[in-house]
Amino acid sequence: MNDERALHDAPLHDTGLHDTGQRGALLHGAGLDATRAVLGKDLRLLWRRRASWLAAATFATLSVLTYAFAFDLVTDDVRPLLPGVLWVTFLFAGVVALGRAFADEAEQGTLDALLLAPVPRTTLYVGKLVAYFCALLAIDVAMLALATVLFNVGLLTPELLLLTTLGAAGYVSLTLLLATLGSRVRSREVLLPVLALPLLMPLLIGGVRATGAALDLPHGDAPWLLLLVVFTAWSAAGSALLFPLAVER
Amino acid sequence: MSTVRRLVLASYAARWVVLPPLTGVAMLALIVGAVIVAPREAVEGEVQRLFYIHVPAALAMYTAYSITFVASLAVLWRRDLRADAVARASAGVGVLFTALVLATGAIWGRPIWGVWWAWDARLTSTLLLLLLFGGYLLARGLADEHDEQAARFAAIFAVVAFLDIPIINMSVRWWRTLHPQPIVLRLPGDQALPNSMLAVLAVGVVAVVLLALWLIALRAATEQLAQRTAALRIAMDRREDE
């Protein structure tokens, strides 16, 4: 409500849309603009600060290699273990990738500046969500490619790519909300995985079993894909609703 | 509506007079009932008597987490830090009773299942509850009592965690299940438990839920006092600076 009033008063555009009938359209357009701006900013930042994002990718690579050494994945029949290895890697890499999603902004004051923008705050969230979704998806697909090469199992199939996309969407939408911890809470680096991982167990179970189904492994007869879809929809809707409350000052 | 509201407010005002004696009497009745009155279970033996604490503790746990959920919504809506104290208090008590549920379950599981722990759906989801609200307490405990931002964040996490419970339960049930199926909530003609056991169980539920409510009330009062102390200290520091 406040946002709407602020938008009405603010001379945002010189399009002359001042009558109330067109305010909704303006609000909608401004929201989309804001989403696009935040998305562009975050993608640029992810690119310019490749180090932190690449750290997550390196961590994921190391995680796959560690599993390979620990369970001797190379000589045994690796297929029964692969879904678990992949999804645990996705989960841990995501925590590293998203850990500082809001920390820099909170430290530099960017978040406060963004919150002053006269647009619904959910649009800011959506922009960030898409940016980090792209980042995490890139890491996940790279891991699929790596595992394909290392374990000689075809993993870059449309089915697995769909599962990975769905998993990354659900993962980012929930974890990004928790990453708003910002700089106010001490030792947040430890706290994020402690808070996020129990919440993400349905995603892990659904992802592992659905991947198992895609690899023709025994996977039980529950609708695992539906579980992934429900979890993703739930976490996206919940986060979109709660994000404005999470960043309120 | 207003009658209900008045009733709730009146019983809340009388909590220090009503809760301790009532809890004491009910707990005594539970001990007498569980140890003496209830018959010895034919197959499982004496260890079955844990059932009279295990099931009520599970109910008390859900009660406590529901209170955390409602109080967290109040933190978000009303921006009231007193609700934050209630949320924290009931989360702490909820974690306590979750641990009690897991412990009594393990003690029962050892002779009956042959193992302390099984990766059964209910056990696993209860363990996840412990981790979720333990994490909540950790996150809230790392910040100051009067930090409103931290209170809001913890409230958001509590809401998300509470709403995640059905999805976790569903996913873990699909994963696997071994826990005894519910035997209490059945139609009257189809009851699996004899009436004496049911009566003791009912007393147990009343006693343990009352105990949980009393502990929550005590803890919430303590937290609110701590908040007031912190606020007073800040005010005093400000005075001295002037």
TODO: State which residue, out of A:Leu245, A:Val247, A:Thr180, fulfils the side chain to side chain contact (heavy atoms under 4.5 Å, CB included) condition with B:Arg152.
DONE: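 For B:Arg152, the side chain to side chain contact (heavy atoms under 4.5 Å, CB included) check succeeds only for A:Leu245.
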When rounded to the nearest 0.5 angstrom, what distance separates [atom1] in [X] from [atom2] in [Y]?
X        : Y        : atom1 : atom2 : value
A:Leu197 : B:Leu131 : CG    : CG    : 10.0 Å
B:Leu132 : A:Leu199 : CG    : CG    : 5.0 Å
B:Leu127 : A:Met201 : CG    : CE    : 10.0 Å
A:Trp224 : B:Ser171 : CH2   : OG    : 7.5 Å
B:Ile168 : A:Leu203 : CD1   : CG    : 11.5 Å

Open item on the list: The test is side chain to side chain contact (heavy atoms under 4.5 Å, CB included); show your working for A:Val194 and B:Tyr136 and say whether it passes.
Closed with: CA-CA 9 Å; A:Val194 167; B:Tyr136 165 87; over 6 Å; no
TODO: Let me see the working for B:Leu76 and A:Leu242 under side chain to side chain contact (heavy atoms under 4.5 Å, CB included), right down to the final yes or no.
DONE: CA-CA 9 Å; B:Leu76 294 177; A:Leu242 288 172; 4.3 Å; yes
Open item on the list: Under a 4.5 Å cutoff for heavy-atom pairs, which residue among B:Asp164, B:Leu128, B:Val160 has the most contacts with chain A?
Closed with: B:Asp164
Open item on the list: Could you go through A:Leu177 and B:Phe157, starting from their C-alpha distance and side-chain angles, then the distance that decides it, and tell me whether this counts as side chain to side chain contact (heavy atoms under 4.5 Å, CB included)?
Closed with: CA-CA 9 Å; A:Leu177 177 73; B:Phe157 179 73; over 6 Å; no
Task: Interface residue of largest heavy-atom contact number with chain B, from A:Pro223, A:Gly238, A:Ala246, A:Ser239, under 4.5 Å - done: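 When all of A:Pro223, A:Gly238, A:Ala246, A:Ser239 are compared, A:Pro223 has the most.
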Task: Residue B:Trp117 excluded, over 12 heavy atoms near CH2 under 6.0 Å - done: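 Above 12, so yes.
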Task: Heavy atoms from other residues, nucleotides or ligands near CZ of B:Arg82 exceed 12 (cutoff 6.0 Å) - done: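 No, CZ of B:Arg82 has 12 or fewer neighbouring heavy atoms, counting only those of other groups under 6.0 Å.
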Task: Heavy-atom contact with chain B under 4.5 Å, split by part of A:Leu174 - done: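 Only the side chain of A:Leu174 comes within 4.5 Å of chain B.
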Task: Engaged part of A:Ile205 at the chain B interface, taking heavy atoms whose separation is under 4.5 Å - done: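 The side chain, not the backbone.
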- [ ] Go through the atoms of B:Arg140 and report whether side chain, backbone, both or neither lie under 4.5 Å from a heavy atom of chain A.
- [x] neither
Open item on the list: Using heavy-atom distances under 4.5 Å, tell me whether B:Leu163 contacts chain A through its side chain, its backbone, both, or neither.
Closed with: both
